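To start, the structure under review is shown below, and the notes come after it.
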6 protein chains.
Amino acid sequence: MNNMQTKPGALSNDMMFMLDPLLRQALQEDIGSGDLTTTTIIPEDALGEAVIVANEGGVVAGGPIAIRLFQLFDPELTIQIFKHDGEAVRSGETLMTLHGRVRSILTVERVALNFLMRLSGIATATHELVSCIAGTHARIADTRKTMPLFRVLDKYAVRMGGGINHRFGLYDAILIKDNHLAYAGSIQKAVQLARRHAPHLVPIEVEVEQLEDIPEVIASGADAVLFDNMPPNVLTRAVEAVDGRLTTEASGGITKENIRAVAESGVDIISVGNLTHSVRALDISLDLHL
Amino acid sequence: MNNMQTKPGALSNDMMFMLDPLLRQALQEDIGSGDLTTTTIIPEDALGEAVIVANEGGVVAGGPIAIRLFQLFDPELTIQIFKHDGEAVRSGETLMTLHGRVRSILTVERVALNFLMRLSGIATATHELVSCIAGTHARIADTRKTMPLFRVLDKYAVRMGGGINHRFGLYDAILIKDNHLAYAGSIQKAVQLARRHAPHLVPIEVEVEQLEDIPEVIASGADAVLFDNMPPNVLTRAVEAVDGRLTTEASGGITKENIRAVAESGVDIISVGNLTHSVRALDISLDLHL
Amino acid sequence: MNNMQTKPGALSNDMMFMLDPLLRQALQEDIGSGDLTTTTIIPEDALGEAVIVANEGGVVAGGPIAIRLFQLFDPELTIQIFKHDGEAVRSGETLMTLHGRVRSILTVERVALNFLMRLSGIATATHELVSCIAGTHARIADTRKTMPLFRVLDKYAVRMGGGINHRFGLYDAILIKDNHLAYAGSIQKAVQLARRHAPHLVPIEVEVEQLEDIPEVIASGADAVLFDNMPPNVLTRAVEAVDGRLTTEASGGITKENIRAVAESGVDIISVGNLTHSVRALDISLDLHL
Amino acid sequence: MNNMQTKPGALSNDMMFMLDPLLRQALQEDIGSGDLTTTTIIPEDALGEAVIVANEGGVVAGGPIAIRLFQLFDPELTIQIFKHDGEAVRSGETLMTLHGRVRSILTVERVALNFLMRLSGIATATHELVSCIAGTHARIADTRKTMPLFRVLDKYAVRMGGGINHRFGLYDAILIKDNHLAYAGSIQKAVQLARRHAPHLVPIEVEVEQLEDIPEVIASGADAVLFDNMPPNVLTRAVEAVDGRLTTEASGGITKENIRAVAESGVDIISVGNLTHSVRALDISLDLHL
Amino acid sequence: MNNMQTKPGALSNDMMFMLDPLLRQALQEDIGSGDLTTTTIIPEDALGEAVIVANEGGVVAGGPIAIRLFQLFDPELTIQIFKHDGEAVRSGETLMTLHGRVRSILTVERVALNFLMRLSGIATATHELVSCIAGTHARIADTRKTMPLFRVLDKYAVRMGGGINHRFGLYDAILIKDNHLAYAGSIQKAVQLARRHAPHLVPIEVEVEQLEDIPEVIASGADAVLFDNMPPNVLTRAVEAVDGRLTTEASGGITKENIRAVAESGVDIISVGNLTHSVRALDISLDLHL
Amino acid sequence: MNNMQTKPGALSNDMMFMLDPLLRQALQEDIGSGDLTTTTIIPEDALGEAVIVANEGGVVAGGPIAIRLFQLFDPELTIQIFKHDGEAVRSGETLMTLHGRVRSILTVERVALNFLMRLSGIATATHELVSCIAGTHARIADTRKTMPLFRVLDKYAVRMGGGINHRFGLYDAILIKDNHLAYAGSIQKAVQLARRHAPHLVPIEVEVEQLEDIPEVIASGADAVLFDNMPPNVLTRAVEAVDGRLTTEASGGITKENIRAVAESGVDIISVGNLTHSVRALDISLDLHL
């Protein structure tokens, strides 16, 4: 607990409280009827020290999750953290050290690394995109294309990489796409239905594919507009048409190559699915010192 | 059910039985207190038809999972499958069609695609490696570096791409690494301890880093030997030293570029962590036809 | 299923999907190791017909929940619904009829009525307040003072009574109260912190206790302002000060007697805790016809 | 733990053990993907003190539940209790004080108060009825018309208000009503069936609507008789007819106005559904001291 | 469903409703990451017929449990039952036949038999004791020495063998033993405390070890008295001392050899722990016909 | 924790981690809505000491399970262990002592003893068979005929009695029986299918009923052969035919009388279903000292 950082957006006590049952399940998936290698070969009272080390540079995320996994399994392990979530790490640097029962360290190792490697991979990729658009007004956001059952973690990793979060699910924001519009008849009517029947504070965003729809979105009382798959030059005109009356978001076909041009359109938010659906894990390993 | 293929290794009834609770949880994660967009805008009795289409070529995996998610949420949806798991798909081809309540299709869409895109991404990447080593004796295997809580699915996708499965957890095979050896004193003693205390049928594999250790592994009565991070030329000598008396496995630092050389060493198994820890999702989308 | 109504806001398939595990638990709480009275006295094959009748007038809510409880326990029961959720019912009118195994009807009866009586009580009380302010601009909203584990149901009942829903939890909207302000230093800083670290679409509401704070709330970029415990005449001046730039909400000390005066202040939303924390159940009973 | 009172009937360790999973779920319902207000505005290391205060007079119940909720979320909170469950409290009096992380206090506040206000409301209402019949032989009992999933708590609150508990579910006592009698043919046969097939120690109560049935109930070997909706004068004759050979219970249409007359009939038990189905929450709030 | 018998005490719908989650878990325990033998060797579409046969004589119990396990896994299996629970079976007789997917039959076989063999073993042993005391007034009862998580099933099997059920847990009856008496000071005080604080209908039984205590038990208002480990001749005097004023129960050291002498003491109930703590499974097997 | 023994095969931390949820459920099954006897009669602050004593000789197993149950319910109990799992105990010897709240000891007593008595019964019976074959090459193994949901415990008890474990479920080894052979066409084809589609390290065992099949099993590449129900003299010839090329196992009809003859055939493994399906509980009780 005392190892957790205190900056806003960090992995907070309430997230831990929610995640505990799933973290237990993740351990149970790997342990099954027992860790045969460890329990047959390592003496129960063997104590040791391990370091978790980055084998390549990046941005760390998931440290408190790894710690929690070790401590759920063995509350007597002591862990010292050297790189907090959101910090940069270089190849060879130590993220944390662990002292205690060797059995516990070896049994939890793989599951802890699976989380740490994925989340650090997300934070690193987010950070790269954030760097690409440095100096522009735009911010990088995630999507709902996340690891099932662990969306809060994927989105947390995006925050640690310097990004921000889009809606967490179908329940906390309304995003009206072409299919919904087809059933409502018009943007105006769709927003009206949503406003009337949803909780009164819920934000409403409308996805548009052509510039001509922008005035109707503004008139509808929506809070935000999503431009899907627009090339940067069209996006610039779209942002001008909105003129600050709505939050603007660009999405679709974003790459490291074109993201700066997208950001320079003046759009507020750039949301990127592959931050979480196509993660390259950061190479991190655990070394046991006898 | 009648849409499932019957070849061995396919997603079977027993896997479905085990996965159901987790698939429900995955839907619940996204739905939360309700799908605000769909329930406020789409009439409850609106019926429609949707197609799930590949936007790039690859190998499909996860079709029955997507179907199950839709049917768990709404058993009245009818779904027709055009590409079975394990089949190649080209860009633009239809994987399946759905008929039924539009609300149900839209509410489940994202979670179904999240699974389908990841699993097809794994199958596609596995298939690429399998193609790289065509004609050799070697087979591609996965590791335990998988999506927490969904290891059986990640490993299933590897099978659909033509790979085979390594152990499913800490419970179904013994893999003795350097840390274990350090506590046991010798390969001989480690294997002896494992044989004495583990269930008598459990397979035992020993990881070695130098050729000199091979005779001791053979003498120990282990079933398999894992060569970690050996260059192809050393690997060739290692395989010769084993001379068919153990299953041989190569692991570590495998890339598309060097995998053929690794396979040509004569090794039985090549296990590749990034098949499942660094997945590029296959681009798949759902289109609703009004 | 075919008994469900289709107006927006009604109890939708996605809510049912989420509630099923809790409804099962509610039945299990009552059944325990078995319904001793029914299983020892009523023959297993006895069939019968029952009616669920209102013993006083009100607005119905929870019909689909009652149906679902009966059908979770015994899918072969056939149920016909006469009063849909949101409809007015007079004393003596039938809400629904059930046909099937007598054992099933008697075992589920109490749990089904417990939900139906509470939810109809909430809808009825909401409807009374809505009637009190008919013709004004204001709308009645609920709070988070709800039945633990069944918040979505309490809030659904409020909708059925003509009210609207405030946030569903701590996760889907930000409500900054005096305690938060004390830590942030100022309204301006509190809203700034929330905007920077929360998902970008999340709505922000600020609670104020004095008129002087209104300009700062407007300047802060908040979306809504909550006036806590203000008498109607002060509220009128508060609403004028906001002048449509924010959603306005009144809360605290609302009674049937003063609510019209509150509404006539021009406030947008009146939120009422006792709609859900102090429910008078509507008197509803089940009669079995042999 | 050391704050719990020791009188019999108090909230015991075994109840806590059973309730923990549900209390966690209640917190999870409110927290969802995270407490956005608290985690973005309140520093993680901010410490503070809070008091929980009654805003009106009544009888307290649920203190240990509130404490447990706070400590499940944050075991480092220290809590001092001033009013134990079952004690009377006056408006303005402090129930307990909390010291520790401000974030924890604010995140748990609403759920803790939701339980505390409901349970104290039940205890208070029970106590009022108990006072109404002071000096008579009768005792006030609850029913199964309780908050789903939290019946043990509702019934606990009734005990704290001076009442006693009726059966906890369908499994721990037999209550034969008209419907059951119709299938059995006679009181005699119904009791006989129940005796033969239920566990031999299970108590059997029979509901009667007319005085003529009393001799048959006595002859049947039942343990108790329930008089449903009988006016006090008829009840008096019923109690006389039983003459101490059975436990007698009155139920139905009980109000603060008529309960003394009912009690003076000499009946042993008066069971009152609205103690738990129509609860007026006691007004209790939490104040944070910076 | 249509295969279930209708006699009172039989495995009823409400028990099934409660057991389903545990039966699923029991299947999941055996299936784990998949039934490797069946899914690799048996074609998915292979259909077959199986019989479940008794290999020795006894009393059947658990048929509906076995059926439920098969149908939870594969609802398309059709099953015909030939011996209902509670019926005698001779060696070689068929209990039920199954038709459908061979994979489903083989995957569920072991778990279904594990339940069926245990429960039939309990029913058979109970029936033997019941036969031993035929013609006496006494009845055979079970205890709480049951298979963890499946007490309702063990007790059901006792009923199927002709026995009756003692309390189901710590919650539905009070059994005052010497330890409780020591803390209360006297039988009188212990019963008084229990009567005052427990639900008013709960039965109270007191365990005594010497005849001198019987008058105090009768005076205390207890409902039943348990004679622990009394030899038959002392038991006869104990029953005489009670003289019908309490239910009498004998327990401890009961064997097939001495049970008739115990029963002839006139005691009402003989409770036998080894009916459920030391079960000899009835030999039952499944044969597949190709 | 510090009470646990350290020999390999002992109840390890990873097993405890997996079992905790089930142990909680086992307690909840017995406690239900509360332990009425204890909470009404024993003061909450009463402290006491208890001993757990063997009433007959045997081999202990389940001590750490009993301890865990007590500590899950009341972490403040202190427990001292005198007989570790796997040790012999004589009648009258103390297994462990407990100090702490009397209520906690009495509430958990029955569930703790239910586990301890069963597991010690299994260990004792296993030890008896192990003694019968002392000096031979053979080892005693268990089967999948175990207590549902607690297979890891039953198998642990077998280890504590000196036996070894067969596969833990359908997922960690392949056992090809006659039914599978019938579908595959031949032993050769069945083993081939299993090898091709199962994880490459999974062991394969083939059951044969006649000596003629042995050469085909050897040729098939299987790892082990199971001789079902063969008399000792035939078994001797079978073992000779295998001549050390496969692990050999005998099963079916094993009794204390014939097991030595079976072992002297030279077979490697003798698996015995009734070790776990027909358990005689070891007589163990808890005595409270005031």
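Reminder, nothing fancy here: chain letters follow the sequence lines and each chain counts from 1. What you see below is based on every heavy atom in this structure, not just the backbone, and it leaves out hydrogens, waters and symmetry mates. Note that this is a predicted model, so its numbers are computed, not measured.
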Inset, instruction - Considering only heavy atoms and a distance below 4.5 Å, find which of A:Lys145, A:Gln25, A:His277 pairs most often with chain B. - result: A:Lys145

Legend entry - Euclidean distance, A:Gln192 CD relative to B:Ile41 CD1, rounded to 0.5 Å: 11.0 Å

Legend entry - Contact winner vs chain B - A:Gly48, A:Ser33, A:Gly121, A:Ala184, heavy-atom pairs under 4.5 Å: A:Ser33

Legend entry - pair B:His180-A:Leu106: side-chain heavy atoms closer than 4.5 Å: yes

Legend entry - A:Pro148 vs B:Met147 side-chain heavy atoms within contact, under 4.5 Å: yes

Inset, instruction - Mind running side chain to side chain contact (heavy atoms under 4.5 Å, CB included) on A:Thr37 and B:Ile176 for me, showing each step along the way? - result: CA-CA 7 Å; A:Thr37 314; B:Ile176 301 174; 4.3 Å; yes

Legend entry - Under 4.5 Å from any heavy atom of chain A - which part of B:Leu23: neither

Legend entry - Portion of B:Thr107 that has a non-hydrogen atom of chain A nearer than 4.5 angstrom: both

Inset, instruction - Kindly determine whether B:Leu22 and A:Leu149 satisfy side chain to side chain contact (heavy atoms under 4.5 Å, CB included), including the steps that lead there. - result: CA-CA 8 Å; B:Leu22 289 169; A:Leu149 300 190; 3.6 Å; yes

Legend entry - Structural part of B:Val111 lying under 4.5 Å from a heavy atom of chain A: neither

Legend entry - Contacting region of B:Phe150 [heavy-atom separation from chain A under 4.5 Å]: both

Legend entry - Side chain to side chain, B:Pro199 and A:Leu36, heavy atoms closer than 4.5 Å: yes

Legend entry - Spacing of B:Asp287 atom CG and A:Asn179 atom CG [to the nearest 0.5 Å]: 8.0 Å

Legend entry - Any donor-acceptor N/O pair, B:Ser278 side chain to A:Ala281 backbone, under 3.5 Å: yes

Legend entry - Contacting moiety of B:Arg118, where chain A heavy atoms sit under 4.5 Å: side chain

Inset, instruction - Could you tell me which non-hydrogen atom of B:Ala198 sits nearest to which non-hydrogen atom of A:Thr40, and how far apart they are? - result: N-CG2, 3.9 Å

Legend entry - Among A:Leu27, A:Thr143, A:Thr146, residue most engaged with chain B (heavy-atom pairs, under 4.5 Å): A:Thr146

Legend entry - Which portion of B:Val191 sits near chain A, non-hydrogen atoms under 4.5 angstrom: neither

Inset, instruction - Tell me, out of B:Asp178, B:Asp172, B:Leu288, who's got the most heavy-atom pairs with chain A below 4.5 Å. - result: B:Leu288

Inset, instruction - Among the options B:Ala26, B:Gly34, B:Ala182, B:Ala190, pick out the one with the most heavy-atom pairs lying under 4.5 Å from chain A. - result: B:Gly34

Inset, instruction - Mind ranking A:Asp35, A:Leu113, A:Leu181 by heavy-atom pairs under 4.5 Å with chain B and telling me who comes out on top? - result: A:Asp35

Inset, instruction - Rounded to the nearest 0.5 Å, what's the gap from CG on B:Leu170 to OG1 on A:Thr39? Could you check? - result: 9.5 Å

Legend entry - Portion of B:Arg196 that has a non-hydrogen atom of chain A nearer than 4.5 angstrom: neither

Inset, instruction - May I ask you to test the B:Val102-A:Tyr183 pair for a side-chain heavy-atom distance under 4.5 Å? - result: yes

Inset, instruction - Below 4.5 Å from any heavy atom of chain B, which atoms of A:Asn114 appear? Answer side chain, backbone, both or neither. - result: side chain

